[in-house]
Protein chains: 2
Amino acid sequence: MIRVVLAEDQKMVLSAFASLLELEEDIDVVATATNGEEALAAVRKHRPDVLLTDIEMPGLSGLDVARKLADEGPAVRVVIFTTFARPGYLRQALDARVAGYILKDAPITDLVAALRRVHRGERVVAPELAVAAWEGTDPLTARERDVLRLVGEGLPNSEISQRLHLSEGTVRNYLSSVILKLDARNRTEAFAIARDKGYL
Amino acid sequence: MIRVVLAEDQKMVLSAFASLLELEEDIDVVATATNGEEALAAVRKHRPDVLLTDIEMPGLSGLDVARKLADEGPAVRVVIFTTFARPGYLRQALDARVAGYILKDAPITDLVAALRRVHRGERVVAPELAVAAWEGTDPLTARERDVLRLVGEGLPNSEISQRLHLSEGTVRNYLSSVILKLDARNRTEAFAIARDKGYL
DNA sequence: GTTCGACCATGACATCTGTCATCTCGAACG
DNA sequence: CGTTCGAGATGACAGATGTCATGGTCGAAC
């Protein structure tokens with residue numbers, strides 16, 4: 001019997017997957033959660049074999065939860081299932097020592113198969129991403145990401161400099177470097193590229 | 001018996017919902033689709049009572065499909081089910097004369113209940129959106145939206161003007177107007193605001 | 001028949017953005 | 001011990017962006 005905790009912020013999707021997994025005789029959904037904090041609490045309480053979690057959730061993301069569980073030891077295996085085929089996300093997931101990364105776009109049979117393989121001790125990565133993970137390595141430094149995130153909120157350099165306690169010139173320098181690295185024409189395009197690749 | 005065509009681009013989610021709906025005795029999922037074109041074809045072939053569709057799908061969006069079906073008469077009732085609580089989306093949906101607009105964040109019981117009510121001839125709108133629809137009316141003109149969409153792709157004014165066959169000054173004027181209307185500080189923030197409200 | 005709004009344009013102007021050269025500092029590496 | 005790298009900074013400059021005034025056409029509405 002594979003004991004699973006399931007985390008997914010959209011309630012309809014959560015219960016749909018829960019019902020579906022319960023139909024499998026060798027899978028038991030012992031708890032569900034609609035955000036990262038709940039997921040973490042449920043894992044600590046129920047000690048399941050596998051945490052199956054979405055990435056984008058309010059508060060703690062699935063990647064945040066995976067990182068925290070990795071710090072606590074390898075007892076619970078984490079499988080990420082997400083909409084996003086972003087190399088940056090996969091990279092973060094692998095850094096957090098997840099056992100699986102599968103896409104919601106794949107057929108459901110893949111989901112159940114992945115759970116069984118992970119339970120046997122294997123690691124499972126969506127094939128369309130295995131290659132992309134290495135070619136799309138994040139070239140940005142931590143500070144460059146900080147600046148770029150605020151750019152995405154539409155802040156002008158003056159306000160970004162205040163928020164990060166930097167001089168405005170430094171902000172311009174970082175952004176200039178980001179634009180160069182991402183081969184963008186301006187801040188807006190740089191942000192769009194970084195977002196699509198999952199660097200943020 | 002309520003005959004339903006179900007459209008949703010993420011295959012796992014699609015089959016999860018399909019299985020779940022099939023468990024209801026009065027609901028029959030006669031066909032599924034993973035994009036707008038397939039959905040349209042399935043509706044024309046099977047003539048279901050209800051088309052239950054996501055919004056964001058590759059190619060034709062759920063809103064596009066709703067608009068096309070509205071042109072063909074009221075035979076098929078459309079229910080939008082989506083992640084996005086954006087007033088602009090609801091507005092477009094109502095303009096396309098949809099019969100329902102529900103959120104994936106609501107409990108599943110709402111989904112089945114909505115299908116039954118729509119089948120009885122009622123209209124169903126997610127309560128958290130019914131109010132927001134009127135306060136968040138899109139203030140932008142068609143041309144302003146065109147410009148703003150290209151801004152979102154990171155294009156500079158010069159290239160936007162070429163794409164839309166406008167002078168660069170005119171692009172600046174439209175954008176200035178957009179920034180004023182949306183109370184933004186620059187193009188990037190204007191785009192972020194419009195995206196979040198579903199104006200694009 | 002006028003008024004209004006969407007659409008398109010020009011020119012002037014101020015400010016913001018992006019690039020580049022150059023500098024300091026501290027940590028990491030061989 | 002020198003080199004490299006990230007973080008942080010300055011100043012100068014060119015080009016992109018945003019604002020404003022102004023003016024034109026056209027179609028719908030009153």
Side-chain angles (χ1 to χ4, degrees), chain A residues 88 91-92 95 136-200, chain B residues 67 88 91-92 95 134 136-200:
Chain A
R91 165 139 304 278
Q92 290 181 55
D95 287 347
T137 305
D138 186 349
L140 304 181
T141 70
R143 220 55 176 139
E144 287 169 348
R145 266 191 298 276
D146 291 341
V147 171
L148 197 49
R149 263 188 281 264
L150 295 179
V151 164
E153 293 177 26
L155 304 186
N157 288 337
S158 56
E159 196 163 328
I160 295 175
S161 71
Q162 284 171 34
R163 294 261 192 113
L164 298 179
H165 306 291
L166 295 175
S167 85
E168 197 174 325
T170 302
V171 171
R172 286 214 293 277
N173 289 152
Y174 280 134
L175 210 34
S176 183
S177 162
V178 167
I179 290 169
L180 180 69
K181 285 179 177 176
L182 299 183
D183 193 26
R185 275 166 297 186
N186 52 54
R187 55 179 55 213
T188 313
E189 194 178 18
F191 176 75
I193 292 171
R195 177 176 26 78
D196 291 349
K197 297 210 172 180
Y199 294 159
L200 298 179
Chain B
R67 273 185 280 265
R91 166 139 305 277
Q92 290 181 54
D95 287 346
W134 290 102
T137 306
D138 187 350
L140 305 180
T141 69
R143 219 52 176 145
E144 287 167 347
R145 266 191 298 276
D146 291 342
V147 171
L148 196 50
R149 262 189 282 264
L150 294 178
V151 164
E153 292 177 26
L155 304 186
N157 289 336
S158 57
E159 197 163 326
I160 295 175
S161 72
Q162 285 170 35
R163 294 263 192 110
L164 299 180
H165 306 291
L166 295 175
S167 85
E168 199 175 324
T170 303
V171 171
R172 284 214 295 274
N173 289 153
Y174 280 135
L175 212 33
S176 183
S177 162
V178 167
I179 290 169
L180 180 69
K181 284 179 178 177
L182 299 184
D183 193 27
R185 273 164 298 187
N186 54 52
R187 54 180 55 213
T188 313
E189 193 179 18
F191 176 74
I193 292 171
R195 176 174 30 73
D196 292 347
K197 297 210 172 180
Y199 294 159
L200 299 178

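Being a predicted model, the structure only gives us computed values, none of them experimental. Proteins get letters first, then strands, A, B, ... in listed order; numbering begins at 1 in each.
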Just the rounded figure in Å: distance from [atom2] of [N] to [atom1] of [X].
| X | N | atom1 | atom2 | answer |
| --- | --- | --- | --- | --- |
| A:L148 | D:dA7 | CG | P | 14 Å |
| B:K181 | D:dG18 | NZ | P | 16 Å |
| A:R172 | D:dA14 | CZ | P | 14 Å |
| B:Q162 | C:dC8 | CD | P | 16 Å |
| B:L175 | C:dC16 | CG | C1' | 14 Å |

- Item | Interatomic spacing from CD in B:Q162 to OG in B:S167 - rounded to 0.5 Å |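 If I round to the nearest 0.5 Å, the distance is 12.0 Å.
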
- Query: CG of A:D146 to CG of A:L140: how many Å apart, nearest 0.5 Å?
  - Reply: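 If I round to the nearest 0.5 Å, the distance is 10.5 Å.
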
- Taking for each residue the nucleotide of DNA chain D with the nearest heavy atom, is it A:G169 or A:Y174 whose nucleotide lies nearer the 5' end?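 First, find each residue's nearest nucleotide; the 5'-ward one identifies A:Y174.
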
- OP1, OP2 of D:dG8 versus side-chain N and O of A:S167: anything below 4.0 Å?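 It does not, given that no N or O in the side chain of A:S167 lies less than 4.0 Å from OP1 or OP2 of D:dG8.
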
- Think B:N157 has a side-chain N or O under 4.0 angstrom from the OP1 or OP2 of D:dA16?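 The answer is no; no side-chain N or O of B:N157 sits under 4.0 Å from OP1 or OP2.
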
Within the structure shown, what part of the strands sits under 4.0 Å from [X] by heavy-atom distance: base, sugar-phosphate, or nothing?
| X | answer |
| --- | --- |
| A:T141 | sugar-phosphate |
| B:N173 | base |
| A:L180 | nothing |
| B:R143 | sugar-phosphate |

- Proximal nucleotide (of C:dC7, C:dA9, D:dG18) relative to the B:S176 side chain: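 Within the option list, the nearest is D:dG18.
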
- How do B:N186 and B:P139 order along DNA chain C: which one's closest nucleotide is nearer the 5' end?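 In this pair, the answer is B:P139.
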
- Report the residue (B:A142 or A:R187) whose heavy-atom-nearest nucleotide on DNA chain C is the more 5′ of the two.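 In this pair, the answer is B:A142.
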
- Task: State plainly whether the residues B:E153 and B:R149 are in salt-bridge range, i.e. N to O under 4.0 Å.
- Result: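 Result for this pair is no, no salt bridge flagged.
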
- Item | Verdict with supporting geometry, B:L148 and B:Y174, side chain to side chain contact (heavy atoms under 4.5 Å, CB included) | CA-CA 9 Å; B:L148 196 50; B:Y174 280 135; over 6 Å; no

